[in-house]
Participant: 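Just passing along the structure, written as structure tokens.
In what follows, every chain begins at residue 1, and chains take the letters A, B, ... in the order their sequences are listed.
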Amino acid sequence: MKKVFIKDLLGLKGRKVVIHGWIHKVRVLGKLAFIVLRDSSGLVQIVVKGRQDLLQKARRLNMEDVVEVSGLVVESESKISPVEVLADELTVLNRATEVLPLDVTGAVGAELGTRLRYRVVDLKRPENLAVFKIQAELIDAFRRYLRSRGFIEIYTPKIVAMSTEGGAELFEVQYFERKAYLAQSPQIYKQLAVIAGFERVFEVGPVFRAEKHSTTRHLNEYVSLDLEMGFISDEHDLMDLEEGLVRFMFKSVEENCRREIKLLNVTIPDFDKIPRLKFPEAKEILSEYFNLREYEHAEDLDQRGEELICQYVQEMHEIPLAFVDLFPLSSRPFYTMPYDETYGRSFDLLFRGLEVSTGGQRIHNYDLLIRRMREKGLNPENFKYYLEAFRYGAPPHGGFALGAERLTMKLVGLKNIREASLFPRDRFRVEP
RNA sequence: GAACCGGUAGUUUAGCCCGGUUAGAAUGGGCGGCUGUCACCCGCCAGGCCCGGGUUCAAAUCCCGGCCGGGGCGCCA
């Protein structure tokens, strides 16, 4: 007999099959029982009828018991799926012995704190599986798009000796007899790979931020979708790339996650070009259009500013994404390529009111790099392994990084970034 | 790191303002009934006021502290 996924049952009407999964729900009606079985691919109704022994078993089933069922695939009147399985064998592989800490069927609901405490049970809910299938699709599409354009996937160290940006706090680790840190970004290493001659590289991996923030959009460990590319003319090459990349990622989700989109009621943005604003324009929109004078002398966008800029672009262009380019050098890292005395070739990508990506052209000139470091109050001595690379032939280059959880969160419409992380790490949560 | 909101059965929630019945419900759990249910239905049972202190004749209810959770700020992406 064929062992199949629940989703494949549709084409197997009239066949005998074996399926397995978790008991999602049991309804016993006297001498007839309906069992909703769940596996990673979906839900299906099992019917127990005319079999006293199976009926006895069905009565004893608890939610989340793990079972194997064999039976005939027949047409179904059920609301769950067009086919159901008429059971002729039901084996309990393992019992769920405890009362469940939250409702997997979603009838009752639970607070986020409870859900994260019992994350494994929470993740049983089909809505959660759908979130992570969409996330997996986004990341897979990221890889496919870049590989097709000559990018090489790399793996950079997560244990590092130095801060990259000098800004965010670092987690310290004991590295034998010396101190080291968890990488807050693959920045330096992806640049070095490009400079070495890889030209175009990308990496999907964790980054660590020791900031004591506690908001719906920050994590202390998150997945960064990073890329870096050589021989660009300026940051517009990168925005062109990111525009096509994000369009492709969204399109992939649209095509390959139809059931998940429906289940979560996801709206996939449809766009060709992403509007590009310059930072001074963004500031003007905030202070003039929205009449918020406090932004007149802003050197960066805050959360509200990002939300309003997105709102503005949505109103003007009906696109939920926006690039903001030419941020002040004062608010950007030392390696940012200057545009003029004040501004740098550095941009953010905003999506539905949240910054989901930051990038820009990097400095490839050794002397300029040293100068910018000093201006930022950094000691070039601490970056000598990075700096020396720029003397061995460094092409013009740049890159950007997308936050996987932020992108997932905004695409799916989650209110809290923790929901877009399998086992989130935040200020007060290191387990499960 | 300082200020805001909250904590009542496993879960979600009513009661709290205005102190005083046996703390009510849904869902989940147990038992029984029911042959086409789909949030199945019906009956019965078990299960709870976060911890400590204070005020009071009396505290789930008012006050203080702690712990936990949520949300937001600064900072950060």
Participant: Using the C1' atom as the reference point in each nucleotide, state the distance between G72(B) and G6(B) in Å, no decimals.
Facilitator: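 Comparing C1' positions in G72(B) and G6(B) gives a spacing of 14 Å.
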Participant: Of the nucleotides U37(B), G1(B), G10(B), which has the atom closest to the P101(A) side chain?
Facilitator: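 That would be G10(B).
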Participant: Using a 6.0 Å distance limit plus a 45 degree cone around the ring axis, check whether R345(A) lies over the aromatic ring of Y343(A).
Facilitator: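 Judged by the rule, R345(A) and Y343(A) form no cation-pi pair.
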Participant: Quick one: which of G29(B), C38(B), G71(B) gets closest to the side chain of M63(A)?
Facilitator: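 My answer, after comparing the listed nucleotides, is G29(B).
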Participant: Could you check how far CG of L55(A) sits from C1' of G32(B), rounded to whole Å?
Facilitator: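 The answer, rounded to whole Å, is 14 Å.
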Participant: Check every atom of U12(B), G71(B), A39(B) against the side chain of A110(A) and return the nucleotide holding the closest atom.
Facilitator: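 From the listed options, U12(B) comes nearest.
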Participant: Whole angstroms only, please: what is the CZ-P distance between R425(A) and C76(B)?
Facilitator: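 In whole Å, C76(B) P lies 25 Å from R425(A) CZ.
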Participant: Please state whether the rings of H213(A) and H218(A) are parallel, tilted or perpendicular, taking 30° and 60° as the class boundaries.
Facilitator: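 Rings of H213(A) and H218(A): parallel, under 30°.
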Participant: Without decimals, in angstroms, what is the distance between D103(A) CG and G10(B) C1'?
Facilitator: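 Interatomic distance, CG of D103(A) to C1' of G10(B): 11 Å.
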Participant: Can you tell me how the ring of F347(A) sits relative to the ring of F323(A), calling it parallel under 30°, perpendicular over 60° and tilted otherwise?
Facilitator: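 Ring orientation, 0 to 90° scale: perpendicular.
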Participant: So which nucleotide from G69(B), G72(B), U27(B) ends up closest to the side chain of T215(A)?
Facilitator: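 For the T215(A) side chain, the nearest candidate turns out to be G72(B).
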Participant: Over how many whole Å does the gap from L112(A) atom CG to G7(B) atom P extend?
Facilitator: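 To the nearest whole Å, that distance equals 18 Å.
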Participant: Under 4.0 Å between any heavy atoms, over every strand shown, what does G30(A) touch: base, sugar-phosphate, or nothing? Just pick one.
Facilitator: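 Result for G30(A) = base.
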Participant: Determine the contact category for G109(A): base if any of its heavy atoms lies under 4.0 Å from a base atom, sugar-phosphate if only primed atoms, P, OP1 or OP2 are that close, otherwise nothing.
Facilitator: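 Sugar-phosphate only.
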Participant: Taking the side chain of N62(A) as its heavy atoms from C-beta onward, which of G36(B), G30(B), C76(B) lies nearest to it?
Facilitator: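 Nearest nucleotide to the side chain: G30(B).
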Participant: From C-beta outward on V28(A), which listed nucleotide comes closest to its side chain: C38(B), G29(B), C34(B)?
Facilitator: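 Looking only at side-chain atoms, V28(A) lies closest to C34(B).
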Participant: CG of L29(A) versus C1' of G32(B): gap in Å, rounded?
Facilitator: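 Those two atoms, CG and C1', are 15 Å apart.
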Participant: Provide the Watson-Crick or G-U wobble partner of C75(B), both distances under 3.5 Å; none if there is no partner.
Facilitator: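 When the pairing criteria are applied, nothing turns out to pair with C75(B), so the answer is none.
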Participant: Work out how far the C1' atom of U8(B) is from that of G24(B), and round it to whole angstrom.
Facilitator: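 Comparing C1' positions in U8(B) and G24(B) gives a spacing of 11 Å.
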Participant: Please pick, from U27(B), C73(B), G72(B), the nucleotide with the shortest atom-to-atom distance to any side-chain atom of T216(A).
Facilitator: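 For T216(A), the side-chain atoms sit closest to G72(B).
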Participant: Kindly say if R429(A) contacts the phosphate of G70(B), meaning a side-chain N or O under 4.0 Å from OP1 or OP2.
Facilitator: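 True: R429(A) side-chain N/O within range (under 4.0 Å) of G70(B) OP1/OP2.
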Participant: Measure distances between side-chain N and O atoms of H218(A) and base N and O atoms of C76(B), and say whether any donor-acceptor pair falls under 3.5 Å.
Facilitator: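 It does, because a donor-acceptor pair links the side chain of H218(A) to the base of C76(B) below 3.5 Å.
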Participant: Where each residue is assigned the nucleotide of RNA chain B containing its nearest heavy atom, which of D426(A) and I417(A) is assigned the position nearer the 5′ end?
Facilitator: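 In this pair, the answer is D426(A).
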Participant: With the side chain of T114(A) defined as its heavy atoms from C-beta on, choose the nearest nucleotide among G28(B), U12(B), G1(B).
Facilitator: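 Of the options given, the side chain of T114(A) lies nearest U12(B).
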Participant: Using a 4.0 Å heavy-atom cut-off across all strands, classify S78(A) as base, sugar-phosphate, or nothing.
Facilitator: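 Base contact - S78(A) has a heavy atom under 4.0 Å of at least one base atom.
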Participant: Taking atom P in both G53(B) and A39(B), compute the distance separating them and give it to the nearest angstrom.
Facilitator: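 Pairwise P distance, G53(B) against A39(B), rounds to 49 Å.
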Participant: Parallel, tilted or perpendicular: which fits the ring planes of F327(A) and F279(A), with parallel below 30° and perpendicular above 60°?
Facilitator: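 Aromatic pair F327(A)/F279(A) classed tilted.
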Participant: Between G7(B) and U13(B), how far apart are the two C1' atoms, rounded to whole Å?
Facilitator: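 Approximately 13 Å lies between the C1' atom of G7(B) and that of U13(B).
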Participant: Counting only heavy atoms not in K158(A), do more than 12 fall under 6.0 Å of its NZ?
Facilitator: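 Yes, NZ of K158(A) has more than 12 neighbouring heavy atoms, counting only those of other groups under 6.0 Å.
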Participant: Nearest to the side chain of N416(A) - C76(B), G28(B), G70(B)?
Facilitator: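 For the N416(A) side chain, the nearest candidate turns out to be G70(B).
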Participant: Taking A26(B) as the reference, what is the distance to G48(B) when you measure between their C1' atoms (whole Å, please)?
Facilitator: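 Between the two C1' atoms, the distance is 15 Å.
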Participant: Applying a 3.5 Å limit to both distances, which nucleotide forms a Watson-Crick or G-U wobble pair with C31(B)?
Facilitator: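 WC or wobble partner is G43(B).
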Participant: Checking only heavy atoms, does the side chain of E84(A) share a donor-acceptor pair with the base of G36(B) at less than 3.5 Å?
Facilitator: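 Indeed, a donor on one side and an acceptor on the other fall under 3.5 Å apart.
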Participant: Could you state the CG-P distance from L116(A) to G70(B), rounded to the nearest angstrom?
Facilitator: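 Atom CG in L116(A) sits about 7 Å away from atom P in G70(B).
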Participant: Can a side chain N or O of R217(A) be found less than 4.0 Å away from OP1 or OP2 on C73(B)?
Facilitator: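 Indeed, a polar side-chain atom of R217(A) lies that close.
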Participant: Does a donor on one side chain and an acceptor on the other come within less than 3.5 Å for Q314(A) and R352(A)?
Facilitator: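 Note: Q314(A) and R352(A) side chains miss the donor-acceptor criterion.
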Participant: Which heavy atom of E127(A) sits nearest to which heavy atom of L264(A), and what is that distance?
Facilitator: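 Looking at all heavy atoms of both residues, the shortest contact is O-CD2, 3.6 Å.
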Participant: Is any N or O donor-acceptor pair between the side chain of K212(A) and the base of G74(B) shorter than 3.5 Å?
Facilitator: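 Between G74(B) and K212(A), which were checked side chain against base, a qualifying N/O pair under 3.5 Å is absent.
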Participant: Scan L407(A), I139(A), V253(A) and name whichever one has a side-chain contact (heavy atoms from CB on, under 4.5 Å) with I134(A).
Facilitator: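 Per the side-chain contact (heavy atoms from CB on, under 4.5 Å) rule, the option paired with I134(A) is V253(A), out of L407(A), I139(A), V253(A).
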Participant: Mark yes or no for a side-chain to base donor-acceptor pair under 3.5 Å between Q45(A) and U37(B), with no hydrogen or angle criteria applied.
Facilitator: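 Answer yes: a donor N or O sits under 3.5 Å from an acceptor.
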Participant: Taking everything shown except Y175(A) itself, do over 12 heavy atoms lie less than 6.0 Å from its OH?
Facilitator: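 No, because the 6.0 Å sphere around OH of Y175(A) holds 12 heavy atoms or fewer from other groups.
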Participant: Can you check the distance between C51(B) and U61(B), where both ends of the measurement are the P atom (answer in whole Å)?
Facilitator: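 It comes out at 11 Å once rounded to the nearest Å.
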Participant: Need to verify one output field. Residue with the more 5' nearest nucleotide on RNA chain B, L102(A) or G50(A)?
Facilitator: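 Taking each residue's closest nucleotide, the earlier one in sequence belongs to L102(A).
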Participant: To the side chain of E211(A), which of G36(B), C75(B), U12(B) is closest?
Facilitator: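 My answer, after comparing the listed nucleotides, is C75(B).
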Participant: Taking only side-chain N and O atoms of K25(A), does any of them lie within less than 4.0 angstrom of OP1 or OP2 on G28(B)?
Facilitator: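 For K25(A), the contact criterion (side-chain N or O under 4.0 Å from OP1 or OP2 of G28(B)) is met.
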Participant: Taking atom C1' of C38(B) as reference, at what distance in whole Å does atom CZ of R27(A) sit?
Facilitator: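 Computing the R27(A):CZ to C38(B):C1' distance gives 4 Å.
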Participant: Please state the P separation for the pair A9(B) and G15(B) - nearest whole angstrom.
Facilitator: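 That atom pair is separated by 15 Å.
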Participant: Check whether any side-chain N or O of K415(A) sits under 4.0 Å from OP1 or OP2 of G70(B), and answer yes or no.
Facilitator: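 K415(A) to G70(B) OP1/OP2: no side-chain N or O under 4.0 Å.
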Participant: If you measure from the C1' atom in U27(B) to the same atom in G74(B), how many Å do you get, rounded?
Facilitator: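 Each nucleotide's C1' atom is 41 Å from the other's.
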Participant: How is R406(A) classified with respect to the nucleic acid when contacts are heavy atoms under 4.0 Å: base, sugar-phosphate, or nothing?
Facilitator: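 Base contact.
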Participant: Can you tell me how far P of C75(B) sits from CD of E299(A), to the nearest Å?
Facilitator: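 Whole-Å distance recorded here is 12 Å.
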